[in-house]
A.B. asks: 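Structure provided below as C-alpha cells; questions to follow.
Labels below follow one simple rule: chain letters A, B, ... track the order of the sequence lines, proteins then strands, and each chain is numbered from 1.
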Amino acid sequence: MASFFRYRDERIAIGIVERLKRLLSGHLRFMHVCGTHQDTIVRFGLDIMLKEAGIEVIPGPGCPVCVTTPYEIEIAVNLANNGKIIATFGDMFRVKGVKSSLADARASGASVFIVYSVSDAIAIASEHKKKDVVFFSIGFETTAPATASAVLNGVPENFSILSAHRLIPPAMSALIEMGEMRIDGFINPGHVSSIIGVGAYEHISKRYGVPQVIAGFEPIDVMYAVYMLVSQIMRGEACVENEYRRVVRYDGNKKAREVMNAVFRAVDVAWRGFPVIKSSGLQLKRTYEDKDALKRYEDEIDEIEQNLTELMEKQSSEATCRCGDVLRGIISPAECPLFGRACSPHRPIGPCMVSREGSCNILYRYRKSGRL
Amino acid sequence: MCLGIPARIVKVKGERKSLADFGGGVMREIDISLVDVREGEYVIVHAGFAISVIDEEEAEETMKIWRLFSDTETSELR
C-alpha cells in the first residue's frame, strides 16, 4: 500500500495555501456536503488556513441524521412505542422527532437497538422471531446499496425497512435554486461519489455553471480539491473533476447502483431545513412492498400521522434551534444563540449537535469556544 | 455516516463475505457483494460493506502531484 504519510503532510498544505494566496485576490466561497469532510476541515484547521487565502469552506446538508425530518423520526419512535423492535445507526438514537427520540422510547421500555450495519439488524430479526423488527434506514448513496443488497439477498419474514435514505445531487441543485447565497464551487463527497460516479454531477455544472471537485477525506485531499476548484475558476471553466481517483471511478460502482436501483425508487421528500426536494429520497419499489414498513404498518402509520399533525400545529418552539439554517449554510454553528450554551453534545437540542457528523457537534468537539 | 475505512481483503469466504484487516490488529467480517475484489486488495468499507476497491497506482499518481507543492520553488504545476 502506498505510504499514507503524505496525506497529512503539513508542508504540502502550506505549499497549496501559499500558491492560492498568489493566485487569488478576492473572496471565494465553496460548499461541501459531507459530515466527514467537515470533520477533516475543522479537526486539521483547514478552514483557518484557507481563510488566509480568502477562501471560505462551508458545510451544507451533508449529515444524513441531521437532514432526516422530525416527522420521519417520530414515526420510528411511535412504531417502537407500539411494540416493534427498532434497529438504527447510533447517531440517530438521540435525535428528537416532533416530540421525542428513540432514546426516550427506549427509556420508557421500548426495544431500540443500535447497529453498525443492516446485517446486524437482520441478525436481530433472526434472533427475535416472534417480534417485528424495523430497520430505520438512513444515509446517502453510500449506505443505500447496502440496505438494498440485504433486501435482494432475502431477509427474515419479521423484518422490514423504514427508509429515510436520501440522494445528494438533488440537494445540491436545490441549494443553488434557493439562491440564498453565492456558491463558487462544490467539494463533492468522495464516498457517495464512489457509488454514483463523476457523471452524476455533470448536469449541475452545465446547468448552473458551478465548478465541482470530488474529494477524499485526508487533509491534503481537501486542500488539493480546493486548489483544483480555484484552478477551474481561473481557467473560466465549470465542470466536475475528481481528486479522489484512488477510490472514485468515472462510472462509480455500477454493481452497487444496479442493486440500489433494483430495490429503491426515487421520491420527492422534504429535508430538515429544506422544502420538498424533487426525487431526492428513496423508497422501496412495489416489488418489495412486503419489506416496506410504510406499507406493512400503513394503518398504524396513518394514525400516527394524524396525531402528529395536531402536535406539529401546537409546536413552534423548535424555532430557536437553527439547525435548518446551519444545514443550508446560511449561518455557522457558532452564530446560533444556543451553541455551547443551552446546546452541547452532552445536552443537544438539534440533530446538528447530536450527530458526530453534524456541524455543531464537530465544531464543539474540536473548538469548544466556537471561535474560528 | 459516509465514513469509509480502508481495509485489506484477507480471506474471501463465499460470494458475500470476507475477512478484512483494518490494521492495528482489527479483523472483521465484511460484505463484499457490492464489489469485485481479490484477496490482498484494499477496499473502502462503509457500514459493513466494501463499496470500492482502492487503486494503488492512482494513489501513487496523486502523491506525485502533491509532492510538487512541498518543494518550495516549483514552477511547473498543472
Side-chain angles (χ1 to χ4, degrees), chain A residues 1-4 6-7 9 11-16 18-19 34-36 39 62-65 89 91 116-120 138-143 145-146 149-150 152-153 189-192 194-195 216-217 220-221 223-224 227 231 243-249 252-253 255-256 259 355 357, chain B residues 1-10 14-18 20-24 26 28-37 40-78:
Chain A
M1 192 63 192
S3 65
F4 268 98
R6 278 195 190 272
Y7 293 118
D9 189 337
R11 287 170 306 172
I12 299 172
I14 292 169
I16 291 173
E18 290 308 317
R19 189 157 286 268
C34 179
T36 314
D39 192 282
C63 158
V65 170
F89 297 117
D91 271 8
Y116 166 68
S117 168
V118 61
S119 317
D120 300 341
I138 57 165
F140 298 124
E141 293 92 330
T142 326
T143 325
S149 171
L152 282 183
N153 195 39
H191 292 142
V192 164
S194 75
I195 305 291
F217 300 95
I220 306 303
D221 282 320
M223 293 300 280
Y224 189 57
Y227 181 81
S231 306
E243 181 280 333
Y244 200 28
R245 298 174 77 96
R246 62 190 185 276
V247 170
V248 178
R249 323 278 173 258
N253 181 339
K255 204 171 175 182
V259 167
S355 173
E357 294 217 307
Chain B
M1 270 302 301
C2 293
L3 185 68
I5 303 162
R8 189 169 56 88
I9 297 296
V10 176
E15 269 178 39
R16 291 184 73 90
K17 299 287 172 196
S18 172
D21 182 356
F22 288 81
V26 180
R28 212 190 134 106
E29 194 170 87
I30 61 164
D31 190 304
I32 52 165
S33 64
L34 300 175
V35 291
D36 295 311
V37 71
E41 287 182 317
Y42 286 82
V43 290
I44 294 287
V45 181
H46 169 73
F49 283 70
I51 54 164
S52 180
V53 181
I54 297 177
D55 185 328
E56 293 190 43
E57 276 178 32
E58 286 287 5
E60 287 292 349
E61 282 303 311
T62 303
M63 299 257 181
K64 269 187 211 160
I65 297 169
W66 290 353
R67 208 172 294 145
L68 298 174
F69 286 92
S70 59
D71 303 336
T72 42
E73 282 308 317
T74 316
S75 51
E76 280 313 304
L77 281 166
R78 69 188 199 101

A.B. asks: What option among B/D31, B/I44, B/T62 has the most heavy-atom pairs under 4.5 Å with chain A?
C.D. replies: B/I44
A.B. asks: Which distance, rounded to the nearest 0.5 Å, do you find between the OG of B/S52 and the CD1 of A/I195?
C.D. replies: 7.5 Å
A.B. asks: Can you name the side-chain contact (heavy atoms from CB on, under 4.5 Å) partners of B/R28, sequence neighbours left out?
C.D. replies: A/Y116, A/D120, B/F22
A.B. asks: Sort out for me which of A/V248, A/N153, A/L152, A/D39 touches chain B most, counting heavy-atom pairs under 4.5 Å.
C.D. replies: A/N153
A.B. asks: Looking at every heavy atom in both B/L3 and A/E357, which two are closest together, and how far apart are they?
C.D. replies: N-OE2, 4.4 Å
A.B. asks: Could you tell me if the side chain of B/H46 sits less than 4.5 Å from the side chain of A/T143, heavy atoms only?
C.D. replies: yes
A.B. asks: Does a side-chain heavy-atom distance below 4.5 Å link A/S149 with B/F49?
C.D. replies: yes
A.B. asks: Can you tell which part of B/R16 gets under 4.5 Å to a heavy atom of chain A, answering side chain, backbone, both or neither?
C.D. replies: side chain
A.B. asks: Can you name the nearest heavy-atom pair linking B/D36 to A/K255, along with the distance?
C.D. replies: OD1-NZ, 2.9 Å
A.B. asks: Under the side-chain contact (heavy atoms from CB on, under 4.5 Å) rule, collect the residues that match up with A/A13, sequence neighbours excluded.
C.D. replies: A/M49, A/I220, A/M223
A.B. asks: Check each atom of B/V53 against the heavy atoms of chain A and say whether the ones under 4.5 Å are side chain, backbone, both or neither.
C.D. replies: both
A.B. asks: Using non-hydrogen atoms only, which part of B/I51 is less than 4.5 Å away from chain A: side chain, backbone, both, or neither?
C.D. replies: both
A.B. asks: In terms of heavy-atom proximity below 4.5 Å to chain B, should A/V247 be classed as side chain, backbone, both, or neither?
C.D. replies: both
A.B. asks: Between atom OH of B/Y42 and atom CZ of A/R246, what is the distance when rounded to the nearest 0.5 Å?
C.D. replies: 13.5 Å
A.B. asks: Got a salt bridge between B/D55 and A/R245, using NZ or NE/NH1/NH2 to carboxylate O under 4.0 Å?
C.D. replies: no
A.B. asks: CZ/B/F69 to OH/A/Y227 distance, rounded to the nearest 0.5 angstrom?
C.D. replies: 4.5 Å
A.B. asks: State, with a plain yes or no, whether a side-chain heavy atom of A/Y7 is found less than 4.5 Å away from one of B/M63.
C.D. replies: yes
A.B. asks: Check whether A/N253 reaches the backbone of B/L34 with its side chain - one donor and one acceptor, N or O, closer than 3.5 Å.
C.D. replies: yes
A.B. asks: Taking it one step at a time, do A/Y244 and B/E58 satisfy side-chain contact (heavy atoms from CB on, under 4.5 Å)?
C.D. replies: CA-CA 9 Å; A/Y244 200 28; B/E58 286 287 5; over 6 Å; no
